[in-house]
Amino acid sequence: MDGLVFRMYFLAMDEERELEGIVSFAAFEAPPGMIRFGGRLLGTGGTGFNNYRTYGMFALVLVLGNGAYRDKLGTNRRVTAGDLIAVFPDLAHQYGPEAGDVWDELFISFEGAAFDQWRIHGLDPAHPVWSLPTPEEWAERFMTILMMPVTNKPESCAAASAIHLLIAEALALRPPDGDPNAWLEAACQSLSGGTGAPSLQEIATNLGMGYETFRKAFRTVMGESPARYRKRRRLAQAAVMMKRLDLSLEMIADALDFCDGFHLSKAFKAEYGYSPAQLRRQLHDQKEPAGPRIRSPRT
């Protein structure tokens, strides 16, 4: 359905539902989260393309016209009527009409820890746009939520729950265009770097997540915190580098962002049960030292 037909469809709806512009909702904190803003915008410029915008909360944008979507993770694509844009709190983005386009949209913004859980159930910053079938029905769904009364906590819970259902059903219709945990591969790659690698906060930001959301999502999938994973990977790299007898412990520590050789040695022994010096003696002598067998470093 093109933007002109959509515009005619929504203008026809005005007789039954008078909603155009932005509406705000009273904030009632509750476990399902909160609906905050929403609206139906016709003939606007979207966010524009002069700057990237960080919204600070989640949003779903149902595109009713034509234009483009771009974000700081590298997504740059054309969007048309019936496309759904998922906006993430910490992901800088921009969208709107390009030359010759007309931009109409329905949007709902929301926040709360319960919505963060969708990041590990398919809502993925790497795949923020997909098309929905029967867009007229989805437009009706958006309008139904936007017209819900929110004057107390029970009504707020009802609106938030309706958004959860909207997300679940929209994700079920998303084409298999990628692994919903694609962010995990990027995170593990960043966490495996040595000196000069991004901080945990920077990694979270680059993935379009807040730090706590990133930490919890990573731990849920990997069974350990990002900090623990980073330390374990660096110690595994240290074990490989120690095979180079020309590399001093201080040099290895500096390359892998440990404070100094002492701290590297202490962490190494705590992880593997033997010191770097013991490992190097074994490598030098080409035989195992007396006592318990040295474990192979975990990778």
Side-chain angles (χ1 to χ4, degrees), residues 6 10 13-14 16-42 44 46-47 53-64 69 71 79 82-96 103-125 127-130 132 134-174 208-210 212-213 216-217:
F6 244 132
F10 275 94
M13 285 178 57
D14 283 344
E16 298 180 4
R17 295 186 175 185
E18 296 181 1
L19 174 62
E20 185 170 347
I22 297 176
V23 294
S24 62
F25 297 87
F28 296 95
E29 293 188 12
M34 297 178 288
I35 183 173
R36 298 306 305 267
F37 304 96
R40 176 162 65 97
L41 304 178
L42 303 179
T44 67
T47 66
R53 179 184 73 166
T54 302
Y55 198 38
M57 62 184 72
F58 289 98
L60 293 177
V61 181
L62 182 63
V63 180
L64 311 179
Y69 169 87
D71 64 38
V79 293
D83 283 345
L84 183 70
I85 299 172
V87 174
F88 294 82
D90 304 304
L91 178 57
H93 64 281
Q94 53 185 212
Y95 56 77
W103 182 267
D104 299 339
E105 67 176 82
L106 275 167
F107 80 97
I108 300 172
S109 64
F110 45 93
E111 61 182 329
F115 290 115
D116 285 334
Q117 294 301 307
W118 282 108
R119 294 181 188 264
I120 57 176
H121 294 284
L123 200 59
D124 181 8
H127 301 279
V129 182
W130 66 98
L132 296 175
T134 60
E136 306 99 320
E137 295 179 10
W138 283 91
E140 286 276 14
R141 301 259 323 254
F142 270 69
M143 291 289 290
T144 296
I145 294 175
L146 289 170
M147 299 295 288
M148 293 178 73
V150 180
T151 60
N152 53 46
K153 185 170 288 189
E155 290 176 348
S156 179
C157 287
S161 297
I163 296 172
H164 281 288
L165 182 59
L166 194 74
I167 295 171
E169 295 184 354
L171 286 172
L173 294 170
R174 190 180 71 184
M209 301 184 185
E212 279 303 310
T213 298
K216 291 176 183 177

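You'll find the side chain of P89 reaches within 4.5 Å of the side chain of F58, heavy atoms only. Counting heavy atoms from C-beta on, the side chains of R40 and F142 never come closer than 4.5 Å. Side-chain contact check for V79 versus E105: every heavy-atom pair is 4.5 Å or farther apart. Counting only heavy atoms from C-beta outward, the side chains of T47 and Y69 never approach each other to under 4.5 Å. Between R141 and L165 the shortest side-chain heavy-atom distance falls below 4.5 Å. Under the 4.5 Å side-chain criterion, counting only non-hydrogen atoms from C-beta, H93 is not in contact with F88. Taking 4.5 Å as the limit, some side-chain heavy atom of M34 sits within range of a side-chain heavy atom of E29. Side-chain contact between D83 and Y95: absent, with no pair of heavy atoms (C-beta onward) separated by less than 4.5 Å.
When every heavy atom of P31 is checked against every heavy atom of A114, the shortest pair comes out as O-CB, 3.2 Å. Nearest heavy atoms, D90 versus T54: CA-CG2, 3.9 Å. The heavy-atom pair separating P32 from H164 by the smallest distance is O-NE2, 2.8 Å. Nearest approach of V150 to A159, heavy atoms of both residues: CG2-CB, 4.0 Å. Annotation for G38 and F25: closest pair N-CE1, 4.4 Å, computed over non-hydrogen atoms. Among all heavy-atom pairs drawn from G39 and L146, the shortest one is N-CD2, 3.6 Å.
From L64, atom CG reaches atom CG of L106 across 5.0 Å, with rounding to the nearest 0.5 Å. Annotation: the span from T144 atom OG1 to L166 atom CG amounts to 10.0 Å, rounded to 0.5 Å. Within the model, atoms OG of S109 and CD1 of I35 stand 7.0 Å from one another, a figure rounded to the nearest 0.5 Å. The distance from atom OH of Y55 to atom CG of L91, rounded to the nearest 0.5 Å, is 14.0 Å. Atom CZ of R174 and atom CG of D124 lie 6.0 Å apart (nearest 0.5 Å). Note that CD of Q117 is 10.5 Å distant from CZ of R119, once rounded to the nearest 0.5 Å.
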Test side-chain contact (heavy atoms from CB on, under 4.5 Å) applied to L132 and L62, step by step:
CA-CA 9 Å; L132 296 175; L62 182 63; 4.2 Å; yes

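Put simply, the side chain of W130 gets close to the backbone of A170: a donor and an acceptor are under 3.5 Å apart.
Taking the six-membered ring where the residue is Trp, W118 and H121 present perpendicular rings, their angle passing 60° and hence far from 30°. Taking the six-membered ring for Trp and thresholds of 30 and 60 degrees, F110 and F115 have ring planes inclined between 30 and 60 degrees apart.
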